[in-house]
2 protein chains.
Amino acid sequence: MSHGDALRDRIIGTYESMPPQLQQAARHILEHPDEVALVSMRELARNAGVQPSTMTRLAKFLGFDGYEDIRAHHARAIRLRVDGFAAQQQRSSDSGEGLAQQMLYSLSAQINRLAEPASIARLEAAAERLAQARRVYVLGLRSCHLVAWHFHYVMRLLGERTEHLDGLAGTIGDGLMRAGAEDVLLAISISPYARHSLELAQLAREKNMGVVAITDSEVSPLIGIADEAILCATESPTFFHTLSPALAVSEVLCGLLANRDRAAALEALQKADQHLQGLNTYSGAIPKRQ
Amino acid sequence: MSHGDALRDRIIGTYESMPPQLQQAARHILEHPDEVALVSMRELARNAGVQPSTMTRLAKFLGFDGYEDIRAHHARAIRLRVDGFAAQQQRSSDSGEGLAQQMLYSLSAQINRLAEPASIARLEAAAERLAQARRVYVLGLRSCHLVAWHFHYVMRLLGERTEHLDGLAGTIGDGLMRAGAEDVLLAISISPYARHSLELAQLAREKNMGVVAITDSEVSPLIGIADEAILCATESPTFFHTLSPALAVSEVLCGLLANRDRAAALEALQKADQHLQGLNTYSGAIPKRQ
DNA sequence: CTCGTATTGCAACAATTGTTTTATAAAGTA
DNA sequence: TACTTTATAAAACAATTGTTGCAATACGAG
């Protein structure tokens with residue numbers, strides 16, 4: 001029960017009742033579990049000092065259809081170790097899980113991966129760069145609009161430093177008219193990259209503005225332009241890309257920025273609250289209809 | 001980059017000068033480094049959406065003899081990671097983790113919790129209700145705007161059944177003018193609940209429309225109104241609420257809806273793709289400025 | 001437009017894969 | 001001892017692998 005590894009336990013449990021050659025093969029697998037997924041069966045057999053057929057026989061002895069099941073098991077172990085955290089979840093009935101479950105597990109893992117040190121460092125560097133800017137122009141087109149909107153909405157609650165290039169009525173980029181070297185463009189774009197986004201980012205660069213990017217790959221066109229870039233996963237078991245990790249990035253950036261001066265943030269939020277309350281914006285229950 | 005990964009840097013460095021197919025292959029390898037050693041080249045190519053020969057060509061482009069060199073490199077990376085496991089052990093325990101890490105761990109857990117059976121059941125019920133509607137009106141104000149926008153954006157790629165009540169220029173609710181009992185309102189609202197959202201939901205109810213809600217609590221005012229409701233966490237270690245779980249819910253709903261008729265979805269997406277391509281919407285690299 | 005080049009998809013290729021079969025050897029039983 | 005059962009090795013097998021050559025296509029320079 002030490003590893004929660006069913007196959008491993010099965011091998012150990014039945015080891016005594018195996019013929020000598022199977023024992024030798026089984027022992028080798030126990031002692032080099034990672035090799036199983038990394039080399040061919042024939043090579044593994046050679047390293048174990050047994051015949052290739054012995055590996056197949058071992059698989060059948062353990063109740064599998066063939067060697068492929070053993071390899072798949074060890075490959076999965078490696079992949080899980082990469083996620084590190086996915087081990088927390090009992091992915092019990094494997095392929096039996098529905099699409100919804102699959103999507104949510106995947107999302108959870110993708111966001112968890114954003115917490116890796118390398119990623120955290122990038123987040124903090126980006127926050128630093130944004131904090132220093134006089135103004136922050138936020139750009140996110142098409143699917144990325146929601147991320148840009150979120151960032152702008154939250155930062156507006158904190159102050160006036162942010163401007164959203166939403167491109168309403170074809171005004172995209174008008175906001176950059178008075179932008180300069182002291183300002184920063186926060187550009188959000190994932191594959192397929194909206195041409196306008198790239199053009200505007202390039203324009204910002206030419207104006208000597210700072211550029212911070214939220215994008216999806218080390219080879220995204222934004223990487224070459226940006227001073228700081230944050231990478232987020234976008235893959236999904238559906239037809240679409242996922243934007244949840246990108247939104248999480250935006251939320252973290254907002255959190256980090258607000259955290260730099262907690263007192264000021266708190267005050268700004270109270271002011272915003274007061275304002276909205278004056279407008280009777282919120283309600284705790286279904287209002288009576290007039 | 002501090003990865004100390006020569007091959008990775010090589011790919012990134014030469015990426016720009018690769019032909020499109022090679023880029024696609026290279027990109028897939030960058031984003032799924034572990035898969036390289038765990039699956040066959042043909043399968044990797046399939047997952048990357050390229051021909052098998054492209055992988056060989058990529059290897060030669062990078063100066064190797066063949067694909068085997070690429071695989072060997074990634075296999076070595078995995079083996080190293082297994083050994084150097086102890087060195088990486090620095091996680092958790094130290095409660096000194098920064099705000100960013102805290103936020104991301106929390107988010108990951110919140111989304112993971114959405115995958116619980118009770119939650120999944122609600123998601124599927126909601127998707128079912130939405131699928132049956134003649135039209136779906138999407139409503140999300142203030143912070144929830146991004147979720148509504150996402151749902152509408154994605155569903156619009158699939159068809160014309162969705163309408164977004166964005167309230168631009170004070171037109172909130174105008175869209176419901178011709179809505180009736182065969183239609184459904186998808187209302188997204190979290191505490192503090194926007195008064196307008198609740199009013200509109202109530203109006204929809206009075207018009208005998210169906211109501212599906214994405215909200216944050218069993219005691220949300222929307223619960224009494226909605227036929228189906230999905231609950232998502234919103235707590236965050238920051239000053240703000242988080243919307244990532246709500247966005248995840250929207251993504252799952254879109255995924256489930258698209259999944260009901262995969263063929264139709266695929267066709268619709270291809271049509272959308274074609275349309276956007278005709279408009280030259282996307283670009284793979286920084287366009288030359290005129 | 002036309003040509004020359006570069007890129008791509010396709011199909012054939014030998015090599016290698018995991019498996020199965022067959023024959024031999026060993027071990028156990030009466 | 002002879003005979004059955006079990007375990008192993010070797011060889012044959014179809015399937016799949018990574019690679020290559022070639023024809024079709026897209027692309028850019030003139």
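These numbers come from the heavy atoms of this one structure, side chains and all, not from hydrogens, waters or symmetry mates.
In this structure, the side-chain contact (heavy atoms from CB on, under 4.5 Å) partners of B/His74, at least two apart in sequence or on a different chain, are B/Leu7, B/Ile29, B/Pro33, B/Val36, B/Ala37, B/Ile70. The side-chain contact (heavy atoms from CB on, under 4.5 Å) search around A/Gln24 returns A/Gln21, A/Val50, not counting sequence neighbours. Every residue was checked against the side chain to side chain donor-acceptor pair (under 3.5 Å) condition with B/Thr54, not counting sequence neighbours, and none meets it.
With rounding to whole Å, B/Met55 atom CE is found 13 Å from D/dT17 atom P. To the nearest angstrom, C1' of D/dG18 lies 5 Å from CE of B/Met41. Residue A/Leu44 contributes atom CG, which lies 12 Å from atom P of C/dT19 at whole-angstrom precision. Between the CZ atom of A/Arg42 and the C1' atom of D/dA12 there is a distance of 11 Å, rounded to whole Å.
At the phosphate of D/dG18, neither OP1 nor OP2 sits under 4.0 Å from any side-chain N or O atom of B/Thr56. For D/dT19, neither phosphate oxygen OP1 nor OP2 lies less than 4.0 angstrom from any side-chain nitrogen or oxygen of B/Lys60.
Screening residues 184-235 of chain A for ring pair (Phe, Tyr, Trp, His ring centres under 6.0 Å), with sequence neighbours left out, gives no hits.
Ion pair A/Arg122/A/Glu218 flagged as a salt bridge, since at least one NZ, NE, NH1 or NH2 atom sits closer than 4.0 Å to an Asp/Glu carboxylate oxygen.
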Check: residues 169-181 of chain A side-chain donor-acceptor pairs under 3.5 Å, at least two apart:
residue  : atom : partner  : partner atom : Å
A/Thr171 : OG1  : A/Leu168 : O            : 2.8

Quick one: side chains of residues 227-243 of chain A, donor-acceptor pairs under 3.5 Å with protein atoms, not counting sequence neighbours, listed by atom name and distance.
residue  : atom : partner  : partner atom : Å
A/Asp227 : OD1  : A/Arg205 : NH1          : 3.3
A/Asp227 : OD1  : A/Arg205 : NH2          : 3.3
A/Asp227 : OD2  : A/Arg205 : NH2          : 3.4
A/Asp227 : OD2  : A/Val211 : N            : 2.7
A/Glu235 : OE1  : B/His32  : NE2          : 2.8
A/Glu235 : OE2  : B/His32  : NE2          : 3.1
A/Ser236 : OG   : A/Thr238 : N            : 3.1
A/Ser236 : OG   : A/Thr238 : OG1          : 2.8
A/Thr238 : OG1  : A/Phe240 : N            : 3.1
A/Thr238 : OG1  : A/Phe240 : O            : 3.3
A/His241 : ND1  : A/Ser191 : O            : 2.9
A/Thr242 : OG1  : A/Ser244 : N            : 3.2
A/Thr242 : OG1  : B/Glu251 : OE1          : 2.6
A/Thr242 : OG1  : B/Glu251 : OE2          : 3.2

Sequence neighbours left out, cut at 3.5 Å: what donor-acceptor pairs do the side chains of residues 274-285 of chain B make with other protein atoms?
residue  : atom : partner  : partner atom : Å
B/Thr281 : OG1  : B/Leu276 : O            : 2.9
B/Tyr282 : OH   : A/Arg142 : NE           : 3.1
B/Ser283 : OG   : B/Ala285 : N            : 3.3
B/Ser283 : OG   : B/Ala285 : O            : 2.7

Would you list the protein and nucleotides 4-9 of chain D atom pairs, both N or O, that sit under 3.5 Å from each other?
residue : atom : partner : partner atom : Å
D/dT8   : OP1  : A/Gln21 : N            : 2.9
D/dA9   : OP2  : A/Gln21 : NE2          : 3.1
D/dA9   : N6   : A/Arg57 : NH2          : 2.7

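Taking every heavy atom of residues 65-74 of chain A and every atom of DNA chain C, pairs under 4.0 Å involve A/Gly66, A/Tyr67, A/Glu68, A/Arg71, by number.
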